[in-house]
Amino acid sequence: MAQKPSIPKGTRDFSPAEVAKRNYIIQNIREQFEKFGFQPIETPSFENSETLMGKYGEEGDRLIFKILNSGDFLKKADADAYAQQDSIKLTPSISEKALRYDLTVPFARYVVQHRNEIEFPFKRYQIQPVWRADRPQKGRFREFFQCDADVVGSDSLWQEVEFVQLYDAVFTALDLKGVTIKINNRKILSGFAEVIGESDKLIDFTVALDKLDKIGEEGVKKEMQEKGISSEAIQKIQKVFGLKGSFSKKIEVLKDILEPSEIGRKGIEELEFINSAIQELQLNTANLDLDVTLARGLNYYTGAIFEVSAPEGVAMGSIGGGGRYDDLTGIFGMSGVSGVGISFGLDRIYLVLEELGLFPETVARNIQALFINFGNKESLYCLKAIKELRAGGIAAELYPEEAKMKKQMAHANKRDIPFVVLAGAEEIENSKFTLKNMKTGEQSAVTLEELVTKLV
RNA sequence: GUGGUUGUAGCUCAGCUGGUUAGAGCGCCUGAUUGUGGUUCAGGAGGUCGCCGGUUCGAACCCGGUCUUCCACCCCA
């Protein structure tokens, strides 16, 4: 009969304490988003498959959760594909909907669909769960929250400058000091590929370069060679591997390397613009760093690429990412509209704050006082007081059963309720309440007015 | 999707090369204390050893499968 209940791989339940902490993060992010002028939208959990499929590359398609058609779906299945055991070919005929994989593509769809109602540039934020059929690991789930802020309809590089500041503002608000905002530019990467004469191998080249800190210089070169990039070509950008020092020092080296490439020079120009603005404006707690090995989201980023890593010493993948995509809405038939945006990984930020003990103690909402239940007459007397307290903004409740005193006290204790109020025959007679401080154990007889002032 | 890893009470973990009734600490429940919790003391409940199958006289332990956990690829928040 009773099967052991469980939840799917990579999903989680959240306890009241966990929800409180998650809300604390969301609240801070939302506050900053709104301060920067972003407005919230929400989109459905699932989209038409064709909206999502093919937007994240082949790998992405594999990781999209497909929803099986309702009804007798096999009747409409592609018989050929089924006979050939070709899952990829069969899928469109048995699944027409899929769970949202990220918030960017649904946003692009939203913009195109509502273009006549939207005032551009449009700054929207969106905080919703997304789903990926990935293999779970630490900080990697199959259902997780993204908190995105994007601007569409503005080519201005000031947007990038604003996003760097937004990252800084959020992590400062969360008291998470020392995060590194890594920035790169797709044009730099294109420049590299151009300089070595391998423009058609841009993706292979950058994917390999992205692994520099993981597999080292030799590993990267080896992988590049395996992808058909000659050692002479690699030699031309040898300096890239030794790139270090300040932002401007790296820029100087890049200028040298990318001199022959027009697109490369353009990338440098953009990075310099952003960096000098940030130098002038200053960041509160975050660091801005140029990282030419950064190559995420290459499928659509065309300009700036952002990634945020946790403070040093915390083993966690990136806690945020983003970038500029010049033709965000082109895939849905609305071309020439540029987008740029960033994302915060709520679940990972949670793990980092937890590890560093950065959640304030006050995140969990709790009642101020529990009234002990001595019976119906006493309960009514208490509820009148509780009504007053609530009207004054104080959270309070009555223990629902006329249980043993010990049980009621223990309940207050386990719930970490700071005060207990007792009102029995004697208190009622004197129009008083006995207020007990659960931490110190002190208790005193007070009037209703005193009760309100003491519990505020 | 590939390779590996983990799974014993609510929690953290013991359990000797397979051998009777599977243990500890913490937590939980009851009482000492029928208007006083957090301390103490006494007692108690709780496990188809992830699940299914196999080998064996006998399996928590060995084998296969499956689910789950974590890790490395891939990719990514």
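- The line from CE of Met438(A) to CG of Leu435(A) is 11.5 Å long, rounded to the nearest 0.5 Å.
- Distance from the side chain of Val207(A) is smallest for C75(B) among the nucleotides G35(B), U69(B), C75(B).
- Of all nucleotides listed (C71(B), G35(B), C75(B)), C71(B) comes nearest to the side chain of Lys138(A).
- Comparing atom distances between the Lys414(A) side chain and each of G37(B), C28(B), C75(B) picks out C28(B) as nearest.
- Comparing C75(B), U36(B), C70(B) by their nearest atom to the side chain of Thr434(A) picks out U36(B).
- On a pure distance criterion of 3.5 Å, no polar donor-acceptor pair joins the side chain of Gln137(A) and the base of U69(B).
- Contact of Lys404(A) with U34(B) (side chain to base): no donor-acceptor pair of N or O atoms is detected under 3.5 Å.
- A perpendicular orientation is assigned to the rings of Phe371(A) and Phe433(A), their planes being inclined by more than 60° (bins at 30° and 60°).
- Arg142(A) places its CZ atom 12 Å from the C1' atom of C67(B), with the value rounded to the nearest Å.
- Within the 4.5 Å cutoff, no side-chain heavy atoms of Arg124(A) are placed close to those of Pro40(A).
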Convert the base pairs of RNA chain B into dot-bracket notation, remembering that pairs crossing earlier ones are written with [ ] and that bases paired across to another strand are shown as |; include only Watson-Crick or G-U pairs under 3.5 Å. ((((..(..((((.....[...)))).(((((.......))))).....(((((..]....))))))..))))....
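- Remark: ring of Phe144(A) stacked against base of A77(B); centroid gap under 5.5 Å, plane tilt under 30°.
- Rounded to an integer number of Å, the gap from CG of Leu209(A) to P of C75(B) is 14 Å.
- Among the nucleotides G37(B), G35(B), C75(B), the one closest to the side chain of Lys214(A) is C75(B).
- For the salt bridge (Lys or Arg N to Asp or Glu O under 4.0 Å) condition, the pairs that include at least one residue of residues 338-355 of chain A, sequence neighbours left out, are Arg12(A)-Asp347(A), Lys21(A)-Glu354(A), Arg22(A)-Asp347(A).
- Just one residue in the list Arg186(A), Lys187(A), Arg324(A) forms a salt bridge (charged side-chain N to carboxylate O under 4.0 Å, His left out) with Glu270(A), and that residue is Lys187(A).
- With G1(B), G35(B), C75(B) as the choices, the nucleotide that has an atom nearest any side-chain atom of Leu422(A) turns out to be G35(B).
- Contact annotation: side chain of Arg135(A) to base of U69(B), donor-acceptor pair absent below 3.5 Å.
- When each of Ala133(A) and Met405(A) is assigned the nucleotide of RNA chain B with its nearest heavy atom, Ala133(A) is the one assigned upstream, toward the 5' end.
- Relative orientation of the His114(A) and Tyr110(A) rings is tilted, given thresholds of 30° and 60° on the angle between their planes.
- Taking 3.5 Å as the limit, the base of G1(B) and the side chain of Glu58(A) contain no donor-acceptor pair of atoms between them.
- With Glu47(A) as the fixed residue, the side chain to side chain donor-acceptor pair (under 3.5 Å) test singles out one of Arg109(A), Lys97(A), Arg100(A): Arg109(A).
- In this structure, Lys436(A) and Arg140(A) both approach RNA chain B, and ranking their closest nucleotides by distance from the 5' end singles out Lys436(A).
- For a distance-only test at 3.5 Å, the side chain of Asn413(A) fails to qualify as a donor-acceptor partner of the base of G38(B).
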